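Being a predicted model, the structure only gives us computed values, none of them experimental. Here, residue 1 is the first one in the sequence, and each next residue gets the next number.
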Amino acid sequence: EDIFQQAAPNQRVLVKALDDAEAQFERVVDKADENVVFDQINRVVSARADLMRSHSMMLFRMRRVLSPEQWQKLGDLNEREKKKAADKTK
């Protein structure tokens, strides 16, 4: 829980940065020249990579402190949440 709480503020900042980069991409994709669009694509990809890196480090830190059984339970919970989210989009 402490690891998650420590990571949460940074995760929120990174999610917002990704959302902003994607929104800017949507604004320029049909109106700008190829170089501008290419630069914005790089910003989106970079923001997504930063978010994934942060999330992966959080999971790594969790894995170091959890028992194998706890880690498995966390994985199972994550899978159930992914399935629930996928079902909502249908």
Side-chain angles (χ1 to χ4, degrees):
E1 179 66 27
D2 288 341
I3 294 169
F4 177 80
Q5 292 301 326
Q6 289 172 355
N10 188 47
Q11 292 278 317
R12 283 191 288 275
V13 168
L14 294 172
V15 167
K16 181 167 182 354
L18 176 58
D19 290 345
D20 291 348
E22 288 176 336
Q24 181 62 22
F25 172 77
E26 290 299 326
R27 286 191 288 275
V28 301
V29 70
D30 291 327
K31 301 174 189 162
D33 70 18
E34 190 171 308
N35 290 329
V36 172
V37 173
F38 181 77
D39 288 344
Q40 192 58 38
I41 289 170
N42 283 335
R43 287 185 190 98
V44 170
V45 169
S46 179
R48 187 171 290 127
D50 291 344
L51 178 59
M52 292 304 301
R53 187 177 304 109
S54 175
H55 183 75
S56 296
M57 284 304 299
M58 178 188 69
L59 291 175
F60 168 71
R61 290 179 180 122
M62 287 178 176
R63 188 172 187 154
R64 288 192 320 189
V65 299
L66 296 176
S67 70
E69 295 80 18
Q70 290 171 320
W71 179 250
Q72 181 63 48
K73 286 180 183 178
L74 182 61
D76 293 345
L77 177 64
N78 189 35
E79 287 301 314
R80 283 195 303 271
E81 291 300 316
K82 282 183 185 177
K83 185 174 178 348
K84 250 194 265 186
D87 290 346
K88 286 182 181 179
T89 61
K90 290 181 181 180

Grouping I, L, V, M, F, W and Y whenever their side-chain heavy atoms are under 4.5 Å apart, do W71 and V65 come out in a common cluster? yes
The side-chain contact (heavy atoms from CB on, under 4.5 Å) partners of D76 (sequence neighbours excluded) come to Q72, R80
To the nearest 0.5 Å, what is the distance between CG on L18 and OG on S46? 10.0 Å
Do V15 and F4 belong together in a cluster built from hydrophobic side chains that touch within less than 4.5 Å? no
For the atom pair CD (Q70) and CG (L77), what is the distance rounded to the nearest 0.5 Å? 13.0 Å
Look up atom CD in Q5 and atom CD1 in I3, then write down how far apart they are to the nearest 0.5 Å. 11.5 Å
Return the set of residues passing salt bridge (Lys or Arg N to Asp or Glu O under 4.0 Å) with K84 (not counting sequence neighbours), or none when no residue passes. E81
Indicate yes or no: at least one non-hydrogen side-chain atom of D39 is less than 4.5 angstrom from one of R43. yes
Using distance only, find each side-chain donor-acceptor pair of residues 51-59 under 3.5 Å and give its atom names and separation, not counting sequence neighbours.
| unit_1 | atom_1 | unit_2 | atom_2 | d |
| --- | --- | --- | --- | --- |
| R53 | NH1 | D50 | OD1 | 2.9 |
| S54 | OG | N10 | ND2 | 3.4 |
| S54 | OG | Q11 | NE2 | 2.6 |
| S56 | OG | M52 | O | 2.9 |

What's the shortest heavy-atom distance between A47 and A21, and which atoms? CB-CB, 4.5 Å
With K31 via salt bridge (Lys or Arg N to Asp or Glu O under 4.0 Å) - residues at least two apart: none
Is there any salt bridge (Lys or Arg N to Asp or Glu O under 4.0 Å) pair reaching into residues 11-20, and which pairs are they, with sequence neighbours excluded? K16-D20
NZ on K83 to CG on D87, rounded to 0.5 Å: 4.0 Å
Residues in salt bridge (Lys or Arg N to Asp or Glu O under 4.0 Å) contact with R27, at least two apart in sequence or another chain: none
Just verifying a value: how many Å separate L74 CG and E79 CD, rounded to the nearest 0.5 Å? 10.5 Å
Tell me the closest heavy-atom pair linking V36 and D33, and the distance in Å. N-OD1, 2.9 Å
